[in-house]
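Atoms considered below: every heavy atom in the structure, side chains included; atoms not considered: hydrogens, waters and symmetry mates. Here the structure is a predicted model, which is why all the values come from computation and not from measurement.
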Amino acid sequence: MGNNSHDIFDKIFKRIITLSSPTVINFINGIFEEDYPLDSELTYNWTESVDDKLKKAIADTIITINRTDSFHIEAQMYKDDNSIMLRMFDYGYNHSKKRPEDIYGDDGIRCGVRLIFPKQVVIYLDSSKHIPDSYIITLVIEGGKEFSYSVPTIKFQDTDMSEVIRKHMIILLPFKLLKIRERFKREYDSYTKNGNSVKLQNVVQELRDIYERDIIKTIEASFKNEEISRHDMEILIKLTIRLFDHLYSKYSSLEEVDNMLYDQSLDLDIDRYMDRIEELEEELTQLTTEKEKAIAEKDNTIAEKDSTIAEKDSTIAEKDSTIAEKDALIEQLQNELNRYKS
């Protein structure tokens, strides 16, 4: 595997580990069997950042939740020379030195420090051959006392989809494209040499199933179930497409592969879902505009009626005043007539 391949895998992993906080907290809760509220505070213990275009890499991935509990997540493509065990211990030790807790004797004198290691896990994204369930380092101190330090592993390609969903490992789904990479290459090489396309067609269909069913549709379902945000969904799909191009563009002579990402028959739920959202937004905007217009017209009508009523009230008041004057005059004349009669 060349450096370019290693870089893109590293950058994609470190981009997905910086998705929205609720999504990352869900991921941590799943793989470490924790139960942090999704509004918990996250702190990333690195100095570099990575943007949507993957322009920068991040040194390591140690995340602190609520400024107290730290988690170190290390992603590996395949089994190395076993230096991973020492690296994990080294990362944990260096991180624990940042916040040592003093130990005091009965006499009140400081006599030591307590180092709190982050919880750690190694995730193997590709081949899991000869990978143990955990790595163990045993420290032997004076007097032959031993202390065993263990780091569990996750073998992602061996994890079935139900477990991926249950443990909130949705953010790792782009790497499912690695599952049949080596077998795809073997069948393609065999096809170019022997011309037997049956096995190749089978593996092409399997690739389509992984891409469409296992990755895209599961990401869509997670969004619909409000397990990830719309922005997270869009990023994961973009990263899946980018990784697909990186892994399989070399087989573009195969029409099925060349068309896979642009095949109109792949009427993905996400397209229909987004189209429906846009339609509903347009309908809502139109109804809101019509409602506001109707309210404005009603207000104008009421204002006109109020004005008309006010004018009528004024006319009535004037007539009442005239009637009152006439009543007074009639009363005056009646009084004078009564005097003459008497």
- Query: Can you check side chain to side chain contact (heavy atoms under 4.5 Å, CB included) on R15 and I235, steps first, answer last?
  - Reply: CA-CA 9 Å; R15 179 63 190 93; I235 290 176; 3.0 Å; yes

- Message: Please determine whether side chain to side chain contact (heavy atoms under 4.5 Å, CB included) holds for the pair D245 and R242, giving the CA-CA distance in whole Å, both sets of side-chain angles, and the decisive distance to 0.1 Å.
- Response: CA-CA 5 Å; D245 287 338; R242 177 164 184 176; 5.7 Å; no

- Task: For the pair K193 and D189, evaluate salt bridge (charged side-chain N to carboxylate O under 4.0 Å, His left out) and give the outcome as yes or no after the intermediate values.
- Result: CA-CA 6 Å; K193 292 178 181 179; D189 291 343; over 6 Å; no

- Item | Worked check of side chain to side chain contact (heavy atoms under 4.5 Å, CB included) between V24 and T18 | CA-CA 7 Å; V24 175; T18 57; over 6 Å; no

- Message: Between Y248 and F184, is the ring-ring contact (aromatic ring centres under 6.0 Å, His included) condition met? List the steps.
- Response: CA-CA 9 Å; Y248 297 101; F184 195 103; 5.3 Å; yes

- Task: Start with the C-alpha distance between K185 and E182, add both sets of side-chain angles, then the distance that settles salt bridge (charged side-chain N to carboxylate O under 4.0 Å, His left out), and finish with yes or no.
- Result: CA-CA 5 Å; K185 181 180 183 304; E182 295 299 328; over 6 Å; no

- Could you walk me through whether D209 and Q205 pass side-chain hydrogen bond (donor to acceptor under 3.5 Å, both in side chains), step by step? CA-CA 6 Å; D209 289 341; Q205 182 59 48; 3.0 Å; yes

- Message: Between Y91 and T61, is the side-chain hydrogen bond (donor to acceptor under 3.5 Å, both in side chains) condition met? List the steps.
- Response: CA-CA 10 Å; Y91 288 148; T61 311; over 6 Å; no

- Message: One pair to check against side chain to side chain contact (heavy atoms under 4.5 Å, CB included): I228 and L19. What are the steps and the verdict?
- Response: CA-CA 9 Å; I228 62 175; L19 292 172; over 6 Å; no

- D69 and Y36: CA distance, side-chain angles, deciding distance, side-chain hydrogen bond (donor to acceptor under 3.5 Å, both in side chains) verdict: CA-CA 10 Å; D69 304 329; Y36 291 100; 2.7 Å; yes

- Task: Applying side-chain hydrogen bond (donor to acceptor under 3.5 Å, both in side chains), run through H231 and S20 and close with a yes or a no.
- Result: CA-CA 8 Å; H231 185 57; S20 67; over 6 Å; no

- Task: Could you walk me through whether E34 and K119 pass the salt bridge (charged side-chain N to carboxylate O under 4.0 Å, His left out) test, one step at a time?
- Result: CA-CA 11 Å; E34 299 287 350; K119 289 189 176 182; 2.3 Å; yes

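Once rounded to the nearest 0.5 Å, the distance linking OH of Y44 with OG1 of T64 reads 11.0 Å. The CD1 atom of I17 lies 13.5 Å from the CD1 atom of I12; values are rounded to the nearest 0.5 Å. Distance check, rounded to the nearest 0.5 Å: CD of E292 to CG of L287 gives 11.0 Å. The distance from atom CD1 of I63 to atom CD1 of I73, rounded to the nearest 0.5 Å, is 4.5 Å. Between the CG atom of L42 and the CG atom of N66 there is a distance of 8.0 Å, given to the nearest 0.5 Å. Atom-to-atom distance recorded for M161:CE and K217:NZ is 12.5 Å, nearest 0.5 angstrom.
For N94 (side chain) and D90 (main-chain N/O), a donor-acceptor pair under 3.5 Å exists by modelled atom type. Between the side chain of T153 and the backbone N or O of D133, at least one donor-acceptor pair lies under 3.5 Å. Side-chain atoms of T308 come within 3.5 Å of backbone atoms of E304 as a donor-acceptor pair (strictly under, hydrogens ignored).
In terms of heavy-atom proximity, T240 sits nearest to L177 at O-CD1, 3.4 Å. Residue I215 comes nearest to Y211 through the heavy atom pair CB-O, 3.5 Å, listed as atom of the first residue, atom of the second, then distance. Among all heavy-atom pairs drawn from T159 and K176, the shortest one is O-NZ, 3.1 Å. Residues L125 and A75 share a closest heavy-atom pair of CD1-CB, 4.0 Å. Heavy-atom minimum distance, N45 versus T43: ND2-O, 3.6 Å. Residues T23 and S229 approach most closely at OG1-N, 4.2 Å, considering heavy atoms.
The shortest distance between side-chain heavy atoms of F223 and D232 does not fall below 4.5 Å. When side chains are defined from C-beta on, V151 counts as touching V122, because their heavy atoms get closer than 4.5 Å. Looking only at side-chain heavy atoms (C-beta outward), I165 and T218 come within less than 4.5 Å of each other. Side-chain contact between E41 and R67 is present, with heavy atoms from C-beta onward closer than 4.5 Å. Within the 4.5 Å cutoff, side-chain heavy atoms of Y188 are placed close to those of L200. Within the 4.5 Å cutoff, no side-chain heavy atoms of L173 are placed close to those of L236. For the pair I84/Y135, a side-chain contact is recorded, criterion being any heavy-atom separation below 4.5 Å from C-beta on. Residues I316 and S314 form no side-chain contact, since every pair of their non-hydrogen atoms from C-beta on lies 4.5 Å or further apart.
Taking the charged nitrogens against the carboxylate oxygens, R208 and E256 have no contact shorter than 4.0 Å, which rules out a salt bridge. Ion pair D102/R110 flagged as a salt bridge, since at least one NZ, NE, NH1 or NH2 atom sits closer than 4.0 Å to an Asp/Glu carboxylate oxygen. Using a 4.0 Å cut-off between a side-chain N of Lys or Arg and a carboxylate O of Asp or Glu, E187 and R183 do not qualify as a salt bridge.
Taking the six-membered ring where the residue is Trp, F117 and F89 present tilted rings, their angle falling between 30° and 60°.
Atom NZ of K155 has more than 12 heavy atoms from other residues, nucleotides or ligands within 6.0 Å. In K98, the NZ atom is crowded: over 12 heavy atoms of neighbouring residues, nucleotides or ligands sit closer than 6.0 Å. Enclosure of atom CG in D107 by more than 12 non-hydrogen atoms of other residues, nucleotides or ligands within 6.0 angstrom is indicated. A 6.0 Å sphere centred on NZ of K97 holds more than 12 heavy atoms belonging to other residues, nucleotides or ligands.
Here F27 and H168 keep their ring centres 6.0 angstrom or further from each other.
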